[in-house]
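This report concerns only the one structure given below.
Owing to the predicted nature of the structure, the values given are computational and were not obtained by experimental measurement.
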Amino acid sequence: MNRFIHRGLLTLCLLAAGIGQALAHSEGEHAGHAMPPASASSESTQVKFADVALVDQNGQSVRLEKDLVSNRIVVMSFIYTSCSTVCPVVSSIMGKVQQQLGARVGKEVQLVSISIDPQRDDARRLNDYARAFQKGPGWSWLTGSPQSVNETLKGLGSFSGDFKSHQPLILVGDGNSRHWTRYYGFTDPAVLTREVEKLSGQRNAHAKHTAIASTEPQP
């Protein structure tokens with residue numbers, strides 16, 4: 001059985017057992033990470049997008065802000081393919097978000113997963129890994145040169161210097177704003193979906209307000 005599919009099945013079992021149970025695993029069970037993940041929490045943050053070239057799972061050169069983030073609501077995770085526990089859970093959470101949002105992914109919403117181990121995770125490896133989790137368009141898996149990836153991670157506030165010490169993190173935000181929300185730990189996919197819905201509602205309200213303002217008589 002493809003090792004990535006095996007990981008995906010293991011991940012689904014973990015989620016079925018409940019995120020709280022996954023968090024209860026001991027440090028030894030979280031191979032590939034220095035510490036067990038903390039309980040789920042969130043905080044507001046600001047992000048900066050490095051203007052560097054990255055590569056997606058299809059081998060296409062992309063720039064994160066210009067090609068993927070701009071004018072979209074984005075859900076973004078950070079993984080590496082040789083991680084056998086925490087990263088598959090995070091990717092499965094992202095997959096649940098994709099299922100819950102349906103056809104909006106690839107249009108209004110963009111999912112992004114960035115490898116934090118670019119020296120080993122090339123496009124082909126990411127493409128193989130993505131098959132266990134991605135069920136439809138609108139989800140880009142990114143790698144690149146170590147320098148480009150590190151600059152990207154630093155701008156997003158997710159650079160640790162040692163990818164093995166990386167903890168579960170998902171960012172959600174509107175590409176039209178620098179203000180985003182960080183979700184630490186194994187976050188319930190429904191929480192992420194609600195944040196997307198909130199941002200979408202704010203967009204619609206702003207668009208409606210702008211449209212009304214444009215039709216009002218000018219003094």
Side-chain angles (χ1 to χ4, degrees), residues 2-8 10-11 30-34 37 45 47-70 72-98 105-106 109-173 175 180 182-184 192:
N2 184 290
R3 64 181 183 279
F4 297 127
I5 295 177
H6 177 73
R7 289 179 188 171
L10 173 61
T11 295
H30 287 281
H33 289 262
T45 189
V47 298
K48 179 180 179 180
F49 298 101
D51 186 19
V52 295
L54 299 172
V55 179
D56 69 14
Q57 74 270 30
N58 299 313
Q60 299 297 311
S61 178
V62 299
R63 292 188 180 266
L64 180 58
E65 182 174 28
K66 177 183 177 182
D67 298 324
L68 299 177
V69 174
S70 180
R72 295 184 180 92
I73 296 170
V74 180
V75 184
M76 185 182 306
S77 67
F78 306 89
I79 55 89
Y80 62 103
T81 63
S82 60
C83 169
S84 60
T85 52
V86 172
C87 298
V89 176
V90 169
S91 296
S92 186
I93 290 170
M94 293 281 287
K96 292 286 187 181
V97 171
Q98 184 180 41
V105 178
V109 181
Q110 176 72 37
L111 303 188
V112 177
S113 292
I114 302 177
S115 170
I116 58 175
D117 183 16
Q119 291 186 323
R120 283 182 285 190
D121 287 343
D122 57 14
R124 181 176 180 180
R125 192 175 176 93
L126 282 177
N127 195 30
D128 287 344
Y129 184 86
R131 291 173 185 170
F133 305 100
Q134 182 174 350
K135 307 300 179 185
W139 189 348
S140 293
W141 301 73
L142 304 181
T143 186
S145 71
Q147 181 179 354
S148 293
V149 170
N150 288 346
E151 287 184 28
T152 298
L153 297 177
K154 288 175 181 177
L156 299 172
S158 60
F159 179 76
S160 67
D162 178 9
F163 65 87
K164 291 185 178 180
S165 67
H166 169 75
Q167 294 297 316
L169 169 65
I170 293 176
L171 285 171
V172 182
W180 289 43
R182 294 179 184 278
Y183 291 90
Y184 298 100
L192 303 173

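The CZ atom of Phe49 sits 9.5 Å away from atom OG of Ser70, with the distance rounded to the nearest 0.5 Å. To the nearest 0.5 Å, the span separating OG1 on Thr45 from OH on Tyr183 amounts to 12.5 Å. For the atom pair Leu64 CG and Asp56 CG, the distance stands at 11.5 Å (nearest 0.5 Å). Put simply, CE on Met94 and CG on Leu111 are 4.5 Å apart, with the number rounded to the nearest 0.5 Å. The NZ atom of Lys96 sits 11.0 Å away from the NZ atom of Lys135 when rounded to the nearest 0.5 Å.
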Verdict with supporting geometry, Leu54 and Val149, side-chain contact (heavy atoms from CB on, under 4.5 Å): CA-CA 7 Å; Leu54 299 172; Val149 170; 4.1 Å; yes
Residues Val109, Val172; criterion side-chain contact (heavy atoms from CB on, under 4.5 Å); working and verdict: CA-CA 10 Å; Val109 181; Val172 182; over 6 Å; no
Steps toward side-chain contact (heavy atoms from CB on, under 4.5 Å) verdict (Leu171, Val112): CA-CA 10 Å; Leu171 285 171; Val112 177; over 6 Å; no
Intermediate values then yes/no, side-chain contact (heavy atoms from CB on, under 4.5 Å), Leu156 and Trp180: CA-CA 10 Å; Leu156 299 172; Trp180 289 43; over 6 Å; no
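No side-chain heavy atom of Leu68 sits less than 4.5 Å from a side-chain heavy atom of Val74. Contact annotation: the side chain of Ser115 approaches that of Leu126 to within less than 4.5 Å [non-hydrogen atoms, C-beta and beyond]. Counting heavy atoms from C-beta on, the side chains of Gln60 and Asp67 never come closer than 4.5 Å. Counting heavy atoms from C-beta on, the side chains of Asp128 and Arg125 never come closer than 4.5 Å.
The shortest heavy-atom contact between Leu169 and Ser158 is CD2-CB, 3.8 Å. The two residues Ser140 and Gln110 have their closest heavy-atom pair at OG-NE2, 3.3 Å. The minimum heavy-atom distance between Gly138 and Val105, with the atom names listed, is O-CG1, 3.5 Å. Smallest separation of non-hydrogen atoms from Gln57 and Asn127: O-CB, 3.5 Å. Among all heavy-atom pairs drawn from Cys87 and Tyr80, the shortest one is SG-N, 3.6 Å. Of all non-hydrogen atoms in Pro118 and Gly144, the two that sit nearest each other are CB-O, 3.2 Å.
At a cut-off of 3.5 Å, with distance as the only test, no side-chain donor of Thr143 or Asp121 sits close to an acceptor on the other residue.
With sequence neighbours excluded, the residues that form a side chain to side chain donor-acceptor pair (under 3.5 Å) with Arg120 are Asp117. For Arg63, the salt bridge (Lys or Arg N to Asp or Glu O under 4.0 Å) criterion is met by Asp51, not counting sequence neighbours.
At least one donor-acceptor pair under 3.5 Å links the side chain of Thr152 to the backbone N or O of Ser148. In this structure, the side chain of Gln134 does not engage the main chain of Tyr129 through any donor-acceptor pair within 3.5 Å.
Using cut-offs of 30° and 60° for the angle between ring planes, the Trp139 and Trp141 rings count as parallel.
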